[in-house]
> 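My questions all concern the structure below.
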Amino acid sequence: MPKEETADITPLTSIMSRLRDRDTGCPWDIVQNFCSIAPYTIEEAYEVADAIDRDDMDALKDELGDLLLQVVFHSQMATESNIFNLQDVINGICDKMTRRHPHIFGDVDVHDAATVTYNWENIKAAERSSSTDQSALAGVAIALPALLRAQKIQKRAARTGFDWPDVQGAKAKIFEEIEEVEAANSQDELTDEIGDLLFAVVNVARFHDVDAEHALKSANAKFERRFRAMEAISGEGFAKLSLVEKEELWQQVKSQEK
């Protein structure tokens with residue numbers, strides 16, 4: 001097991017400072033800004049998640065380093081503009097974690113995860129009360145994956161009482177949205193109604209306490225696994241098979257998984 005030790009981030013911050021030096025730094029790093037780097041930050045977060053899904057700890061160590069670089073990169077740019085620095089970032093998250101764990105760092109007596117979660121959400125809501133945006137939906141990041149953001153928005157709305165009384169209403173909404181998809185008269189209408197349909201499906205997932213993002217991710221993996229199995233069985237001639245033959249292969253693969 002790796003020896004626990006105090007991490008020193010100074011070498012990484014020194015590297016980034018040198019890369020951003022206007023006179024002697026890297027031309028690519030120098031011209032970057034928050035907006036141009038943001039996609040890389042998102043990409044690195046996904047690569048961390050991918051390494052975890054693959055249970056590849058060597059890759060996870062590498063990807064966490066890449067993600068840490070993103071934190072340092074943004075902090076360096078902020079430092080140059082006198083907005084904040086890396087120490088401000090560290091202080092901010094330390095204060096937040098201390099504030100949101102009063103059962104550890106305060107005198108609140110809590111012994112179960114459900115109560116911790118409940119208190120966490122209440123503390124977050126109290127923090128939002130000082131924001132200029134007083135909506136119950138404030139703080140749900142726009143850049144989140146659409147399914148994840150839909151579920152978070154729905155949970156926030158539900159806490160205000162704007163929700164179906166039970167899952168039956170949410171299920172009925174799916175069928176209503178399917179009818180509206182079929183009645184759409186233009187591509188714009190179709191796009192809008194399919195979005196509403198997806199939102200309704202996420203709502204049903206929420207009622208069943210199913211993570212919609214994870215559920216679709218699992219469905220993607222299942223489809224890919226089965227499709228690759230069909231290709232392996234049929235060889236190079238898969239594309240030339242009839243649809244009936246492909247369906248037979250699909251059912252064969254499905255039955256082999258059971």
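The analysis underlying the following values was restricted to heavy atoms, covering all of them including side chains, and did not include hydrogens, waters or symmetry mates.
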> Among all residues two or more places apart in sequence or in another chain, which pass the side-chain hydrogen bond (donor to acceptor under 3.5 Å, both in side chains) test with Gln76?
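Partners of Gln76 under the side-chain hydrogen bond (donor to acceptor under 3.5 Å, both in side chains) test: Glu80.
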> Should we count CZ of Arg228 as having more than 12 external heavy atoms under 6.0 Å?
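No - once you tally the heavy atoms of other residues, nucleotides and ligands closer than 6.0 Å, there are 12 at most.
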> Going by side-chain hydrogen bond (donor to acceptor under 3.5 Å, both in side chains), name the residues that satisfy it together with Thr24, two or more places apart in sequence or in a different chain.
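By the side-chain hydrogen bond (donor to acceptor under 3.5 Å, both in side chains) rule, Thr24 matches Asp21.
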> Does any non-hydrogen side-chain atom of Leu69 lie less than 4.5 Å from one of Leu12?
yes
> Salt bridge check: are Glu176 and Lys173 linked by an N-O gap of less than 4.0 Å?
yes
> Which hydrophobic side chains are connected to Val253, either touching it within the sub-4.5 Å cutoff or through other members that do?
Phe223, Phe227, Met230, Ile233, Phe238, Leu241, Leu249, Trp250
> Any Lys/Arg nitrogen of Lys155 or Glu121 sitting under 4.0 Å from an Asp/Glu carboxylate oxygen of the other?
no
> Report, as yes or no, whether the 6.0 Å neighbourhood of atom OH on Tyr40 holds more than 12 heavy atoms from other residues, nucleotides or ligands.
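No, OH of Tyr40 has 12 or fewer neighbouring heavy atoms, counting only those of other groups under 6.0 Å.
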> For residues 84-124, which residue pairs qualify under ring pair (Phe, Tyr, Trp, His ring centres under 6.0 Å), counting only residues two or more places apart or in two chains?
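Sorted pair list: His101-His103, His101-Trp120.
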> For Thr115, which of Asn119, Thr117, Asp112 qualifies under side-chain hydrogen bond (donor to acceptor under 3.5 Å, both in side chains)?
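For Thr115, the side-chain hydrogen bond (donor to acceptor under 3.5 Å, both in side chains) check succeeds only for Asp112.
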> Can you list every ring pair (Phe, Tyr, Trp, His ring centres under 6.0 Å) pair that touches residues 159-178, not counting sequence neighbours?
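As it turns out, there is no ring pair (Phe, Tyr, Trp, His ring centres under 6.0 Å) pair with a partner in residues 159-178 once direct neighbours are skipped.
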> Hydrophobic clusters join Ile, Leu, Val, Met, Phe, Trp and Tyr when side-chain heavy atoms are under 4.5 Å apart, directly or via other members; which others share one with Leu216?
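Traced through the cluster, Leu216 reaches Leu147, Val202.
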> Is Phe199 reachable from Ile194 through a run of hydrophobic residues whose side-chain heavy atoms are each under 4.5 Å from the next?
no
> Sequence neighbours excluded, which residues qualify as side-chain hydrogen bond (donor to acceptor under 3.5 Å, both in side chains) partners of Ser218?
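For Ser218, no residue satisfies side-chain hydrogen bond (donor to acceptor under 3.5 Å, both in side chains) once neighbours in sequence are set aside.
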> Please indicate whether Glu236 has more than 12 foreign heavy atoms, meaning atoms of other residues, nucleotides or ligands, lying under 6.0 Å from its CD.
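Not buried by this count: 12 neighbours or fewer within 6.0 Å.
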> Could you walk me through whether Ile93 and Lys96 pass side chain to side chain contact (heavy atoms under 4.5 Å, CB included), step by step?
CA-CA 5 Å; Ile93 189 59; Lys96 181 186 295 183; 4.2 Å; yes
> Can you find a pair of side-chain heavy atoms, one from Leu144 and one from Glu213, that are under 4.5 Å apart?
no
> Please give me the minimum heavy-atom distance between Ala200 and Glu177, naming the atom from each residue.
CB-CG, 4.2 Å
> For Ser186, is there any backbone N or O sitting under 3.5 Å from a side-chain donor or acceptor partner on Glu189?
no
> Show the nearest heavy-atom pair for residues Arg206 and Ala158, with the distance to one decimal.
NH1-CB, 3.6 Å
> Residues sharing Leu67's hydrophobic cluster, by side-chain heavy-atom contacts under 4.5 Å among ILVMFWY, directly or via others?
Val48, Ile52, Met57, Leu60, Leu64
> Can you name the nearest heavy-atom pair linking Ala205 to Ala212, along with the distance?
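Result for this residue pair: CB-CB, 4.2 Å.
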> Under the side-chain hydrogen bond (donor to acceptor under 3.5 Å, both in side chains) definition, can you give me all pairs with a residue in residues 56-71, not counting sequence neighbours?
Thr41-Gln70, Arg54-Asp56
> Is it the case that one hydrophobic cluster holds both Val71 and Ile83, taking links as side-chain heavy atoms less than 4.5 Å apart, direct or via other members?
yes
> Tell me, yes or no, whether the heavy-atom count around Lys152 atom NZ, taken from other residues, nucleotides or ligands under 6.0 Å, exceeds 12.
no
> Answer yes or no: is there a side-chain heavy-atom contact under 4.5 Å between Asn203 and Ile174?
no
> For Glu248 and Gln252, run side chain to side chain donor-acceptor pair (under 3.5 Å): C-alpha distance rounded to whole Å, both residues' side-chain angles, the deciding distance at 0.1 Å, then the answer.
CA-CA 6 Å; Glu248 290 175 351; Gln252 177 184 337; over 6 Å; no
> Check Arg149 against Ala141 and note the closest heavy-atom contact, atom names and distance.
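For Arg149 versus Ala141, the nearest heavy atoms are NE-O, 2.9 Å.
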> Mind checking ring-ring contact (aromatic ring centres under 6.0 Å, His included) for His214 and listing every partner two or more places apart, or none if nothing turns up?
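Residues passing ring-ring contact (aromatic ring centres under 6.0 Å, His included) with His214: none at all.
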> With rounding to the nearest 0.5 Å, note down the distance linking CG in Asn85 to CE in Met77.
14.0 Å
> Give me the atom names and distance for the closest heavy-atom approach of Leu137 to Ala157.
CD2-N, 4.1 Å
> When rounded to the nearest 0.5 angstrom, what is the spacing between CD in Gln154 and CG in Asp163?
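The distance works out to 8.5 Å.
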> Return each pair, listed once, that meets side-chain hydrogen bond (donor to acceptor under 3.5 Å, both in side chains) where at least one residue sits in residues 8-19; pairs must be two or more places apart or across chains.
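Residue pairs passing side-chain hydrogen bond (donor to acceptor under 3.5 Å, both in side chains), neighbours aside: Asp8-Thr10.
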> If you link I, L, V, M, F, W and Y whenever their side-chain heavy atoms are under 4.5 Å apart, who else ends up in the same group as Val116?
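Its cluster mates, by chain and number, are Val108, Val110.
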> Report yes if some heavy atom in the side chain of Arg20 is under 4.5 Å from a heavy atom in the side chain of Gln32; otherwise report no.
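They are in contact (side-chain heavy atoms under 4.5 Å apart), so the answer is yes.
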> Any side-chain donor paired with an acceptor under 3.5 Å for Asn91 and Gln87?
yes
> Which distance, rounded to the nearest 0.5 Å, do you find between the CD of Glu47 and the CD of Glu44?
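Glu47 atom CD to Glu44 atom CD measures 4.5 Å (nearest 0.5 Å).
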> Is a salt bridge present between Lys222 and Glu257, judged by a nitrogen-to-oxygen distance below 4.0 Å?
no
> Between Asp95 and Gly92, is there a donor-acceptor pair closer than 3.5 Å when you use the side chain of the first and the backbone of the second?
no
> Is it possible for you to say whether Leu19 and Leu68 belong to one hydrophobic cluster, with membership spreading through side-chain heavy-atom contacts below 4.5 Å?
yes
> Quick one: do Leu198 and Val210 end up in the same hydrophobic cluster if we chain Ile, Leu, Val, Met, Phe, Trp and Tyr together by side-chain heavy atoms under 4.5 Å apart?
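No.
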> Among the clusters formed by ILVMFWY side chains lying less than 4.5 Å apart, do Ile9 and Met97 turn up in the same one?
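No, because Ile9 and Met97 fall into different hydrophobic clusters, even though each may have its own neighbours under 4.5 Å.
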